[in-house]
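Here's the structure, in structure tokens; my notes come after.
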Amino acid sequence: MSTPEPRPQWASLLLAASTASRQAYQQHMQAALQAVDEHLLAPPQIYSGITPQALAEQLARLPMCPEHGVPLAQVTDEAGRLLLANSVRVHQPTCVAHLHCPTLQAGQVGEVLLASANQSLDSWDQSPAASVLEQQLCDFLVQLADLPATGDGVFTAGGTQSNLMGLLLARDLYCQRAFNRDVRVHGLPPEAQQLRVLCSEKAHFSVQQSLSLLGLGAEAALPVAVGADQRMDMRAVRDTLAASLARGERPFALFATAGTTDAGAIDPLPELAELAAEHGLWLHVDAAWAGAALLSHSLKPRLAGIERADSITLDFHKQFYQPISCGAFLLRERAHFALMRLNADYLNPLEDEADGVPNLVYKSLATTRRFDALKLWLSLRSVGRAELAAMFEYGVALAQAVAADIQKRPELELGFAPQLNAVLLRHLGHGGETIAALDALNRHLAQQLFERGLANLSTTRLRGAQFIKMTLLNPLTTLADLQAVLDALCALAKGKVGEREVSCV
């Protein structure tokens, strides 16, 4: 039997230490950079305007997995022409639809470095430097949020995963204390059908999603009414809690939001913290959006009370300007990570813990994890607190400015006074339109601006009506940019617009 040998061409297919591999890597990376510059950065439009059907047809002409591969240079060119050229250009100043940010140069450098190193943040022997750096960054974030020295954290894929972790630990701690039951081992107790979580009616949909995954059902979320300022109304919170207790239910967590998706509203954290302490509720704060305010001397006071949270969600691919994905989950008491701790002999044996080896898998829902902490570390180090804070503060000021401009236009209605950097508006039509017609008009206007490559605006509902939303994360966006969008929107509205349904963008 002959001894197996690697094929010679594999050296240039894989990233390795050989000369052939290193030379091929440099060539391919240069081609990738050229594709980004030509097809993503150079075109001025937000979007090419291609339809999903046309794009699907073009891609279908390319064999997904040919028997023998084609040169990577050719595939990179195809990716540039078909994929990058038809992607949403989130760096454009009028791409303001969602909590979808332009990225820092430091984050882009981080993506190259972490992808090349390909570390896995589950065990020390797969990610030595990465494990140490992530832990130090989590310690920094704990201090930034003014959590006690007992706090800890872990990097996550984003807010949905962090929110799930917060509710998971809250559920399991409650079951441990109330029923002396280890959910990891014995599953949910019969009383689980009585468990409830209070949250704002404007909270992220991941609350219901998480409760479904946790076996409690989406109806375990008790939505609390908001006031005119879109924040949870404290009287409504108390009434909802009292009614739940009167029904014999078991509220175990209070889910607060620091930056609601539509309004950027920050729930009354100090009052919620008091209520949670009074009733023994776990307080989770979803600060996926407004968490970056912790860097700002002027905005941080708006997060007063977050330091009393039992757990916190942070997202760095929003106002920290990181490439997706990059988030973190912070925990007030690191000991509570034991509620989800599992050990495997091949990964994080108990002997490693006794020896102080940092296998971070014990505090994560994911096993294999990217070294996303590297992106944030490069950004914090190279940009600095003051500049990052100024970018966020600029967006808040810009929202105030464009809101004032909207109020000067009689054909437009401002949804509410901006609290962070979200602005909701709608066109009022020309008089006499039905509610359905006005809703269709505003959906159509947002869609037309997108299809023409002029702007990317999202749509949502406020007070039962369809509104258009601007989310001003891009610090390169100017008031003039947004005024031009409003001008185009109003000009489009002067044409004849039918009531046809148009999907949101």
Side-chain angles (χ1 to χ4, degrees), residues 45-47 49-53 88 92-100 200-202 205 223 225-231 233 260-265 398-472 477 479-505:
Q45 300 89 358
I46 291 284
Y47 179 59
I50 192 171
T51 65
Q53 296 77 15
V88 175
Q92 290 286 8
T94 57
C95 188
V96 293
H98 303 285
L99 285 162
H100 196 175
S200 165
E201 63 178 335
K202 299 297 183 180
F205 79 93
V226 299
D229 59 2
Q230 302 297 297
R231 306 165 77 220
D233 179 84
T260 56
T261 304
D262 283 342
L398 182 61
Q400 299 289 339
V402 74
D405 186 272
I406 291 168
Q407 290 179 305
K408 296 176 182 177
R409 300 175 186 246
E411 65 271 45
L412 300 180
E413 176 187 357
L414 179 68
F416 49 77
Q419 296 180 45
L420 288 177
N421 37 352
V423 180
L424 263 62
L425 66 136
R426 68 170 180 159
H427 198 283
L428 296 174
H430 309 291
E433 290 96 343
T434 65
I435 294 175
L438 279 180
D439 286 351
L441 168 64
N442 282 281
R443 286 194 299 271
H444 182 76
L445 292 174
Q447 184 71 30
Q448 284 296 300
L449 288 170
F450 182 64
E451 290 180 356
R452 298 176 188 214
L454 299 175
N456 190 11
L457 307 172
S458 64
T459 56
T460 189
R461 300 195 74 82
L462 178 69
R463 299 186 292 271
Q466 193 79 59
F467 274 74
I468 293 171
K469 178 185 171 187
M470 294 180 174
T471 311
L472 307 178
T477 300
L479 180 58
D481 291 326
L482 301 179
Q483 288 172 329
V485 171
L486 295 176
D487 290 342
L489 185 149
C490 292
L492 281 170
K494 290 180 179 178
K496 186 176 181 180
V497 179
E499 294 188 15
R500 65 182 179 90
E501 289 292 319
V502 180
S503 61
C504 300
V505 296

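These numbers come from a predicted model, not from an experiment. Starting from 1, each residue takes its place in the sequence as its number. Reckoned from all heavy atoms, side chains included, excluding hydrogens, waters and symmetry mates.
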Which atom pairs, donor and acceptor, lie under 3.5 Å between side-chain atoms of residues 481-489 and protein residues at least two apart or in another chain?
{"unit_1": "Asp481", "atom_1": "OD2", "unit_2": "Thr478", "atom_2": "N", "d": "2.9"}
{"unit_1": "Asp481", "atom_1": "OD2", "unit_2": "Thr478", "atom_2": "OG1", "d": "3.0"}
{"unit_1": "Gln483", "atom_1": "NE2", "unit_2": "Asp405", "atom_2": "OD2", "d": "3.0"}
{"unit_1": "Asp487", "atom_1": "OD1", "unit_2": "Arg409", "atom_2": "NH1", "d": "2.8"}
{"unit_1": "Asp487", "atom_1": "OD1", "unit_2": "Arg409", "atom_2": "NH2", "d": "3.1"}

Can any side-chain N or O of [X] pair as donor or acceptor with the backbone N or O of [Y] at less than 3.5 Å?
X      : Y      : answer
His430 : Ala493 : yes
Ser458 : His98  : no
Thr471 : Leu99  : no

Scanning both residues in full, the closest heavy-atom pair of Gln419 with Gly264 reads CB-O, 4.0 Å

In Å and rounded to the nearest 0.5 Å, what is the [atom1] to [atom2] distance from [X] to [Y]?
X      : Y      : atom1 : atom2 : result
Ile468 : Leu424 : CD1   : CG    : 9.5 Å
Asn456 : Glu451 : CG    : CD    : 11.5 Å
Ser200 : Asp233 : OG    : CG    : 10.5 Å
Phe467 : Leu462 : CZ    : CG    : 5.0 Å
Thr459 : His444 : OG1   : NE2   : 13.0 Å
Glu411 : Lys494 : CD    : NZ    : 7.5 Å

Who passes side chain to side chain contact (heavy atoms under 4.5 Å, CB included) against [X], sequence neighbours left out?
X      : answer
Gln400 : Pro418
Ala417 : none
Ala422 : Trp289

Worked check of side-chain contact (heavy atoms from CB on, under 4.5 Å) between Ile46 and Leu454:
CA-CA 6 Å; Ile46 291 284; Leu454 299 175; over 6 Å; no

Here the salt bridge (Lys or Arg N to Asp or Glu O under 4.0 Å) pairs for residues 417-432, sequence neighbours left out, are Glu413-Arg426

Sorted by chain and residue number, the ring pair (Phe, Tyr, Trp, His ring centres under 6.0 Å) partners of Tyr47 (sequence neighbours excluded) come out as Phe450

For this session: Check the pair Leu438 / Gln466 against side-chain contact (heavy atoms from CB on, under 4.5 Å), numbers first and verdict last.
Result: CA-CA 8 Å; Leu438 279 180; Gln466 193 79 59; over 6 Å; no

Candidate pair Leu479 and Leu398, rule side-chain contact (heavy atoms from CB on, under 4.5 Å), full reasoning:
CA-CA 7 Å; Leu479 180 58; Leu398 182 61; 4.1 Å; yes

Next item on the list: Begin with the C-alpha distance, continue with both residues' side-chain angles, and end with the deciding distance and a verdict on side-chain contact (heavy atoms from CB on, under 4.5 Å) for Leu414 and Val423.
Entry: CA-CA 8 Å; Leu414 179 68; Val423 180; 3.9 Å; yes

Note to self: Between Arg452 and Gln448, do the side chains contain a donor N or O and an acceptor N or O under 3.5 Å apart?
What the structure shows: yes

Those residues at least two apart in sequence (or on a different chain) that pass salt bridge (Lys or Arg N to Asp or Glu O under 4.0 Å) with Asp262 are Lys469

Contacts of Asp439 meeting salt bridge (Lys or Arg N to Asp or Glu O under 4.0 Å) (sequence neighbours excluded), chain-then-number -> Arg461

